[in-house]
Asker: 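Dropping the structure in here first, questions after.
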Amino acid sequence: MARYELVKRSVALITLTNPPVNSLSSAVRHGIAKTMDRALSDPKVTAVVICGENGRFCGGADIREFAGPMRGPPLLPLLDSIEAGEKPVVAAIEGVALGGGLELALVCHYRIAHSKARLGLPEVTLGLLPAAGGTQRLPRLIGIPAALELITTGRHVSSQEALKLGIVDQVTEQNVCEVAVEFALRAVAKPLSSRRLSALTVPCPPDLDALLEAVTMQIQKKARGMMAPLACVQAVRAAATMPYSQGIKRESELMATLFNSGQARALQYCFFAERTAGKWTLPSGAQWNDTKPREIRSAAVIGLGTMGRGIAVSLARVGISVIAVESDKKLMETGRQMVIGMLERDAKRRGVSASLNLLKFTLSLQDLKDVDLVIEAVFEDMALKKRVFQELSKLCRPTTLLCSNTSGLDVDALAGVTDRPQLVIGMHFFSPAHVMKLLEVVCGPRSSSETIATAMSLGKRMEKVSVAVGNCPGFVGNRMLKPYSDQATFLLEEGATPEQIDKVLEDFGFAMGVFRMSDLAGLDVGWRVRKESGLTGPDVDPKNPPRRRQGRKYCPIPDMVCEQGRFGQKTGRGWYMYDKPGGTNAKPDPLIQNLLETYRSRYGIKPRNITDQEIIDRCLFALANEGFRILEDGIAARPEDIDVIYQFGYGFPRHRGGPMFYASMVGLERVLERLEHYHQAHPDVPHLEPSPLLKKLVACGSPPIQKWREHIKTMHSHL
Ligand SMILES: CC(C)(COP(=O)(O)OP(=O)(O)OC[C@H]1O[C@@H](n2cnc3c(N)ncnc32)[C@H](O)[C@@H]1OP(=O)(O)O)[C@@H](O)C(=O)NCCC(=O)NCCSC(=O)C[C@@H](O)CCCCCCCCCCCCC(=O)O
């Protein structure tokens, strides 16, 4: 796990060999200890260079090891002993030096980085802190403010920035190992005392308390409820105020509080879930690693509304030429200006030039005949979408992939009107599409494996987290949203207010509560869907009992809000009031309070005091319950996929893992018991009836989330 070579007769070259990222597993730590001992005890060796195999220095501690008891040589004393050694050690950093990888580099006496390398201490993103001396050495090297920023955010820096900050001594475009060996030979005669970071004093700013206070406040705002960033601040405070020997103890104590926490477990689960989500398999056996995606050079986007504009930007900024189609000259001109503006702002932010030359705007579908792929983003209306797909089928060359950005309509019905159902797939972006990271790739029963591979790989190219899902109304994300938001509106009937429910959900960690999110998305969208499904509007049978539709409980409050022209932020009124149409500052509106009171008294509902716990349990367990049904139906391949969708598409707090992980942490027995309780109280709410899979898992002793798949016997897998 660590290879030893003698080069240039006197330099020991130690290469970490643990693909793919040379993480510091127990075997690697053992290898480092053994090879360092050999280098330090061999009189021929005058200097040491440490590098990593396959162009990657080191991705840090082996995160998988954190799930079990820690074995092998502990990292911290191993690193301390490298720094204390009497021969100069040079880190040759290629690819990445992250977490424990950077901590290893920090105990080396010199650091040489390749120009394309990235460095950072991302432990905070895993619910941890850099506990192999990182919180004590980095502040000594680059000062408190810069170290604090890097450690509390986990941000990676380029080697150029690392050079500016003083993290590395030299950046090279040449072979970094060769440069490091030459560097090491020159370092042989030089004293090492000033190169041992633990022995340095920390350059402490005079306003330390004010700085730490400001960072703490920033964290409380941005990373609400998260423990690790606050622990990082405390560790850096220790670096500033204590000698190394005490600071390092404080670092270990703080790590111990984080290491077994639910937040660390959730964040580490998220790390692996995100990587697993890209790995799809079809019932035919075709899968992500044996299906070659098509190369996409040109694409078309149909419809330049909010979604179409964001999709066009996402494509153009990764070098794909885009033809954007609108039906009306005025709409096309507005769309053109907005897309160009968005692309320019995006390019400025990234420090690159805007690829405006890749954009073409047209009113004619005829212009699309030669593109590799089309993404339809017209109004959410099945008849209209079918007309577009029929037309595309006639116009585009037979190999063109036809994709729909529908947020819930039947992708297979669209495939059915074309001459190439195997090349039809859903690509469900989230608004704003150039910002939101999630892409649901909706695989119809006839979508070919090559089509799926192409959509998934295009998503990756656009820097999206792509998840393959099956085809059913609402797919995964929006299908689950219904039971969740239904519970929120039922709670309004029973006595809660929008601001109370939102506060509870936001305190739980959601980026936005359900009502603020609906105001942002626009309340009219759901209203139109409900009218089309016969749930509200003139087509509703007057014989329907109030507050019941289609044999189940129905809450008409959202319809009543829309009937008043309150469509959310865009109209300046919705569940909240805003300063102006388009405003974002949500304030509770007495008119909504009034509406709720009138409604309750009309139906003889006596408002009751609703606890925060009831809000969390009803909203989140209804959400997870639908997730279990989705797993049973084979619409999502694994719970991890659902959790990734909820984190990246719906603002579910990452440090809670996602709805399915949250259910597993609460305990499936408790989730089942609560759902049974609430279903008994509301028998006309089918979403509260515990799903058969949940019952089965509880009956099997509530296995860990990674084992749930073994209990799902889906006869009709859609994936
Ligand atoms: C490195 C990357 C940037 C590469 O990205 P890329 O896109 O190229 O590739 P992938 O992300 O797809 O990764 C490929 C493959 O590799 C797996 N992987 C990546 N990194 C790791 C890793 N660090 N460990 C394990 N596996 C890893 C990845 O899962 C993929 O495999 P898969 O099968 O899933 O396809 C990118 O991968 C990346 O960003 N990696 C993570 C980098 C990171 O976060 N590093 C920090 C790790 S944490 C750390 O280093 C901690 C240190 O500070 C050491 C601390 C000392 C520990 C002491 C423990 C004390 C315990 C005290 C407890 C006391 C309490 C008690 O009493 O119980």
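All of these numbers come straight from a predicted model, not from anything done at the bench.
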Asker: Any side-chain hydrogen bond (donor to acceptor under 3.5 Å, both in side chains) pairs touching residues 224-244, not counting sequence neighbours?
Answerer: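 Of all non-adjacent pairs touching residues 224-244, those that pass side-chain hydrogen bond (donor to acceptor under 3.5 Å, both in side chains) are D80-Y244, R137-Y244, D209-R237, Q234-R250.
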
Asker: Quick one: list whatever passes salt bridge (Lys or Arg N to Asp or Glu O under 4.0 Å) with R670, sequence neighbours left out.
Answerer: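 Residues passing salt bridge (Lys or Arg N to Asp or Glu O under 4.0 Å) with R670: D617.
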
Asker: Could you work out, with side-chain hydrogen bond (donor to acceptor under 3.5 Å, both in side chains) as the rule, every residue matching E94, not counting sequence neighbours?
Answerer: none

Asker: Restricting to ring pair (Phe, Tyr, Trp, His ring centres under 6.0 Å), what partner residues turn up for F259, sequence neighbours left out?
Answerer: F66

Asker: Which residues pass the side-chain hydrogen bond (donor to acceptor under 3.5 Å, both in side chains) test with D42, not counting sequence neighbours?
Answerer: none

Asker: Name all residues meeting the ring pair (Phe, Tyr, Trp, His ring centres under 6.0 Å) criterion together with F429; count only those two or more places apart in sequence or in a different chain, and write none if there are none.
Answerer: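 F429 satisfies ring pair (Phe, Tyr, Trp, His ring centres under 6.0 Å) with no residue once adjacent residues are dropped.
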
Asker: What ring pair (Phe, Tyr, Trp, His ring centres under 6.0 Å) pairs are there with at least one residue in residues 7-28, not counting sequence neighbours?
Answerer: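 Sorted pair list comes back empty.
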
Asker: Going by side-chain hydrogen bond (donor to acceptor under 3.5 Å, both in side chains), name the pairs with one or both residues in residues 59-71, residues two or more places apart or in two chains.
Answerer: R29-E65

Asker: Is there any salt bridge (Lys or Arg N to Asp or Glu O under 4.0 Å) pair reaching into residues 139-154, and which pairs are they, with sequence neighbours excluded?
Answerer: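 Residue pairs passing salt bridge (Lys or Arg N to Asp or Glu O under 4.0 Å), neighbours aside: E149-R155.
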
Asker: So, applying side-chain contact (heavy atoms from CB on, under 4.5 Å) with V49, which one of V179, I112, V11 is it?
Answerer: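 So, applying the side-chain contact (heavy atoms from CB on, under 4.5 Å) to V49 and each of V179, I112, V11, only V11 qualifies.
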
Asker: In this structure, which one of L24, V28, L16 forms a side-chain contact (heavy atoms from CB on, under 4.5 Å) with M1?
Answerer: V28

Asker: Going by the rule side-chain hydrogen bond (donor to acceptor under 3.5 Å, both in side chains), which residues pair with R186 if we only count those two or more places apart in sequence or in a different chain?
Answerer: none

Asker: Excluding sequence neighbours, so at least two apart, what forms ring pair (Phe, Tyr, Trp, His ring centres under 6.0 Å) with Y650?
Answerer: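 Scan of Y650 (ring pair (Phe, Tyr, Trp, His ring centres under 6.0 Å), adjacent residues dropped) gives F430, Y646.
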
Asker: R196: what forms a side-chain hydrogen bond (donor to acceptor under 3.5 Å, both in side chains) with it, not counting sequence neighbours?
Answerer: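 side-chain hydrogen bond (donor to acceptor under 3.5 Å, both in side chains) list for R196, sorted by chain: empty.
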
Asker: Tell me whether R265 forms a cation-pi arrangement with Y269, defined as NZ or CZ under 6.0 Å from the six-membered ring centre and within 45 degrees of its axis.
Answerer: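 Checked: cation-pi criterion not met.
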
